[in-house]
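Working notes for the structure below.
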Amino acid sequence: MAMKKAIISAIAACFISQAASAFPGSAPDRYSEGIAQTVMTRYPSALNIPFKPWCYPQGYFLMGLEKLWNSTGDRQYYDYIMSWANQVVNPDGTLRYFKGKSMDDMMAGSVIVWAYKQTKDEKFRKAAEIIRKSYDDYPRTTDGVFWHGRGTVGQIWVDGVFMGQMFLTKYGKYIGDADYCFDEAAKQLIGMHTHLKKGDSGLLYHGWDEDKDARWADPATGMAPEVWSEGLGWYALIMVETLDIFPRNHPQYQTLVDITRQLMKGLKESQDPATGLWYQVVDKGDRQGNWHETSGSGMFVYAIQRAIELGIIPAADYRHTVINGYHGIISKAKISLADGLLDLYDANNGLGIQKDYDTYVTRPRKKNGQEVISSFLWGTWIAENAYKNLTDNADTPVTIPKFACTDYSQGKVFIFENDSIVWQHDAPLSNDLWHLPNGNLLFTTGHGVLEMTLSGDTIFDYRSDSHIFACQRLKNGNTFVGECNNGRMLEIDPQGKIVKSVSILPEGVTDGKKSFIRNARRLDNGHYLVAHYGGKKVIEYDENGKNVWEVPASGGAHSVIRLPNGNTLVAIADSDKNPRIVEYNPRKEIVWEISNADFPDTKPFKFLSGMQYILEKGILFTNWQGHGIKEKAPHMFLVNRDKKILYTFNPRKEIETLSSVCVIDCAPDAAIH
């Protein structure tokens, strides 16, 4: 236990968690405020929130922002909401963009009711009345449930009930016509449940067609084929939002409570406990192709916590579901490399009812979809207000106060401290370096290896006719050197005498050339782990130079690390246009990988070179940008096992291309290089 505490202390010395004030650029202290700032910065007017000036995306986001304004009192949120309301309502109370063609059109009217509640301005009351009257001739099924749209004949969609009743219930509560509004809301919510419930699961299908002739409808039942995450999320939201203001003496109140309890039970049972998220097709997490969907997950987090607060479900039974869900949805948030704001991943961008399971799970996933920005706001807001210090156990972005690095193209070694260069030395083609326990630096110099004090004294100096890209200080005080052209694995004592030499050149080859190896390590068992850059493979050689283990690296292996669990990390370059880091187990199976496929919109990785594995944190690696790369990306990344970027070292004029890095002040047991 004492050893573990010492290692954790050593890690803490290497990294400093970034403060909340660092957003944009790093994770916000409160994600609800971070996503609000993100949307308000990217869309200075809510008219420009995709996909229309007036539609449910505006209403959904602005009603979430209203919650944030109520809890923080920050005037910027109020002003942003009110600005939109004033732009869509004319001075005479007419509406600029409202059409009333579908339930989707109704939802934004919730903001108009809010604006009237705040200002008592008659123009907002008149505008809300126009929306209310559009319900009078809206088409319905034979038992009175609203069609999703005036043109979707006979069809009810589970998401439509949120769109319609968010406005209607608030109109009844804050403007008038309360009996009709609450009676109608109860009819719609109960009718939707009656038609769409999936057995006794508590869950609801995506839709139902009374005529049974829609392309997606089951010809016998008229039912949609699946339970869609975001669609069910809309229903979960409207149930708790309605019950919040619904008259408790209404004859249908208890029925709505019972439906909500059944739904919350179904949601708890279908949550993936490993991630805290829900699946795109909610109740089929074990099916091939299904994936964790962010927008519906945010909705469910909000709905479950709101049901707790309303006393509908017990906190003791559901609290963990909410907290686990919160950590799940923030795991889908990444800091944008373009503007430092939040990018949200793994959600659709609007979705109609699909014909089958395969179509649901293969629909394109979008970054920053028009719904997920608001679902994330609602879910994070309610969790962060209910439970303090939620981010204490989350993966917090960090800064690295002090590190050494090699600039291969510029031919220099640097030490950065607090983002400034505090030491440098010439080192042509330097590709490997170590910060030693004695405070010195050990690094390659193209055709040699130097150990230097920070005052500039040379302690060790080995030179060769061969290119040298790998070095390592061994536990016995000797130095390992990997000679590229000669293919020799050398052990050299402090006086510069070669005490062991093992050739790994293939039989009949006398010059491995410059591309034969890059990074190489002498393992504790005396073996050599070698990244064969030109040969596009990694080989472990025994103490006599015999190949005992080999894995491919199609883009060119650049660096290797043998992990404590026996697995091997390989940093792969760019010759196959797929720079990546791959983890192999001893059976040569890939068990983990990170590449541009994980960041499809930015593709930040160019040529992955040096690495350091930081226990309890993740992998720190350099992103070499030679070979004529024009679009510059960060020189260095720290990523965790969930592929979340915790740190970047961005381009700056003093640096051309980084090829290796070593954090300073990390104990040997805290970092593997």
Side-chain angles (χ1 to χ4, degrees), residues 14-43 68 275-277 292 294-295 297-298 326-347 365-369 372-377 379-381 383-384 390-401 403 419 579 581 594-606 608 614 617-623 625 631-652 658 661:
C14 303
F15 301 92
I16 297 175
S17 296
Q18 292 184 347
S21 60
F23 183 81
S26 64
D29 187 47
R30 293 173 65 89
Y31 277 87
S32 54
E33 295 178 16
I35 193 60
Q37 182 176 344
T38 293
V39 176
M40 293 167 65
T41 300
R42 291 174 177 166
Y43 305 105
L68 195 56
T275 64
L277 295 163
H292 296 114
T294 309
S295 184
S297 294
Y326 172 83
H327 286 295
I329 60 175
I330 67 170
S331 75
K332 295 295 187 178
K334 302 180 188 297
I335 299 299
S336 169
L337 298 178
D339 59 14
L341 298 168
L342 290 177
D343 283 336
L344 304 178
Y345 290 83
D346 290 341
R365 304 182 219 182
K366 300 291 186 180
K367 181 180 74 171
N368 301 328
V372 71
I373 56 175
S374 303
S375 300
F376 188 87
L377 171 60
T380 55
W381 173 81
E384 289 168 351
L390 269 178
T391 56
D392 285 357
N393 294 321
D395 296 306
T396 306
V398 298
T399 186
I400 303 175
F403 62 89
D419 212 37
I581 293 176
I594 188 168
S595 70
N596 283 327
D598 298 301
F599 306 92
D601 296 291
T602 55
K603 294 182 172 58
F605 305 147
K606 307 303 180 184
L608 302 191
I614 314 295
K617 279 295 180 184
I619 306 167
L620 180 68
F621 57 90
T622 50
N623 190 34
Q625 296 177 70
E631 295 181 4
K632 294 300 181 182
H635 290 298
M636 189 162 62
F637 296 86
L638 174 68
V639 299
N640 64 12
R641 285 294 187 168
D642 294 326
K643 304 182 184 180
K644 187 170 184 177
I645 297 173
L646 304 181
Y647 169 80
T648 59
F649 182 71
N650 293 316
R652 58 207 62 214
L658 293 190
V661 62

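We count residues from 1, following the sequence as given.
How far CE of M40 is from CD of E33: 11.0 Å, rounded to the nearest 0.5 Å. From I329, atom CD1 reaches atom OG1 of T380 across 5.5 Å, with rounding to the nearest 0.5 Å. The CG atom of L377 sits 6.0 Å away from atom CG of L68, with the distance rounded to the nearest 0.5 Å. Taking OG of S32 as the reference point, atom CZ of F376 lies at 8.5 Å (rounded to 0.5 Å). Rounding to the nearest 0.5 angstrom, the gap separating the CG atom in L620 from the CZ atom in F403 is 8.0 Å. Put simply, CG on N368 and OG1 on T294 are 10.5 Å apart, with the number rounded to the nearest 0.5 Å.
R365 is not listed as a side-chain neighbour of P600, based on a closest heavy-atom distance of 4.5 Å or more. Contact annotation: the side chain of F23 approaches that of L342 to within less than 4.5 Å [non-hydrogen atoms, C-beta and beyond]. The side-chain heavy atoms of F605 and I594, taken from C-beta on, include a pair separated by under 4.5 Å. Considering only heavy atoms from C-beta on, K332 comes within 4.5 Å of L277 through its side chain. Within the 4.5 Å cutoff, no side-chain heavy atoms of D339 are placed close to those of T41. Between V639 and F621 the shortest side-chain heavy-atom distance falls below 4.5 Å. Between L638 and I645, the closest side-chain pair of non-hydrogen atoms is not below 4.5 Å. In this structure, F649 and V661 have side chains that are not in contact, with every pair of non-hydrogen atoms separated by 4.5 Å or more.
Annotation for K643: atom NZ counts as buried by contact number, over 12 foreign heavy atoms lying within 6.0 Å.
Listed for the N623 side chain is a donor-acceptor partner under 3.5 Å among the backbone atoms of K606. Without hydrogens or angle criteria, D642 side chain to K644 main chain gives no donor-acceptor distance under 3.5 Å. Between the side chain of R652 and the backbone N or O of N650, at least one donor-acceptor pair lies under 3.5 Å.
The two residues A633 and P604 come nearest to each other via the heavy atoms CB-O, 3.3 Å. The minimum heavy-atom distance linking P634 with P651 is given by the pair CA-CD, 4.0 Å. Summarising the geometry of I335 relative to G340, their closest heavy-atom pair is CG2-O, 3.6 Å, with the distance given to 0.1 Å.
With salt bridges taken as basic N to acidic carboxylate O contacts below 4.0 Å, none links D343 and K334.
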